Amino acid sequence: MSKKKVLVTKRVYPEAVEFLRGKFEVDYEGTNAGLTTEELIARSRGCQAVVSQLTDRLSADVIARLEGVQVIANVAVGYDNIDVPAATAAGIAVTNTPGVLTETTADFAFTLLMATARRIPEAHAFVHSGEWKTWLIDLLAGQDIYGATLGLVGLGRIGAAVARRARGFGMNIIYCDAQAAPAEVERELGAKRVEMAELLKTADFVSLHVPLTPETRHLIGAAELKQMKPTAVLINTARGPVVDEAALADALEQKTIWAAGLDVFEAEPKVCEKLLTLPNAVLAPHIASASVGTRRRMSMMAAENAAAALEGARPANLLNPEVCK
Ligand code: DGY
């Protein structure tokens, strides 16, 4: 019997490709650019699995053109790049990589919070510029983290991991989420559930930890930014379109809020021009989960999910169990 075939659309850590090669035929696009949509469709012909990345847009139209594909294994916990209902209708299993990146992403969200509050990029640039002449009472004065209120929008795995870090910094924690966390989790985290309006009004730091869905698109827009404190800091390590980037740039320019730390953007890798000019916007290129260990684990997890599906087992991280009856 001929081997099943897997398409890997873009460079991943090599052990994932080696693992797949041990079991299947592999068409590996080991480049940084990856495949265009048309290339992905063409190269998927004859493949039963596609190992995709968040830069691959697998819309309903694209999915309709994936002949014979049984599983799409995304190398990310987020899967807004894939039309899962369309995949389900086409009988294609979809998997993601939850859990392995929780702590790394929470580390980064907190790093971004601290760097933004204490103006680390500005301080670094200032020392390099040679403009540092003397100690000044208000030189690069930032916002306190200790004792401040952290408002978590979403208290899932990553939101809760950020809360644990915040507790160590003596922060008060409030959260809003469609679902209340179990009482013991609220107790452990010292987190109090509030309405979104109260969170926006009272939090010193607002950190976003929701997936991108039609409901969360532009969850933070001009109206929400207006409700925040003028000293507030917004942190986004979730997905860019959760925030209206143009409205945020205006708010930062007009100092309606104090600063923002952003790892994700609406049209990556493009960034709203105005944001690039603002010292109170601390920007990173979607690297919250980017530790070597975590990105290796994500690569392997996606490969294992693809392999499980091709071997007739239920992948550990299946998003649409309806397809595997
Ligand atoms: C994810 O996994 O969804 C992140 O955005 C990339 O690690």
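This structure is a prediction, so every number in the text was calculated from the model and none was measured. Nothing fancy with the numbering, it's 1 onward along the sequence. Order of listing sets the numbers, starting from 1, for every ligand and every atom in it.
Among residue pairs with one or both ends in residues 221-271, none qualify as ring-ring contact (aromatic ring centres under 6.0 Å, His included); sequence neighbours excluded. Screening residues 201-254 for ring-ring contact (aromatic ring centres under 6.0 Å, His included) gives no qualifying pairs among residues at least two apart or on separate chains.
Partner of D27 under the salt bridge (Lys or Arg N to Asp or Glu O under 4.0 Å) criterion, out of R21, K4, R43: R43 alone.
Scored by the ring-ring contact (aromatic ring centres under 6.0 Å, His included) test, F110 finds F169 as partners (sequence neighbours excluded).
Protein residues with a heavy atom under 4.0 Å from ligand 1 are L54, A76, V77, G78, L101, R239, H286, S289, M298.
E266 places a side-chain N or O within 3.5 Å of a backbone atom of E245 that can act as its donor or acceptor partner. The main-chain N or O of D56 is found under 3.5 Å from a side-chain atom of N81 such that the two form a donor-acceptor pair.
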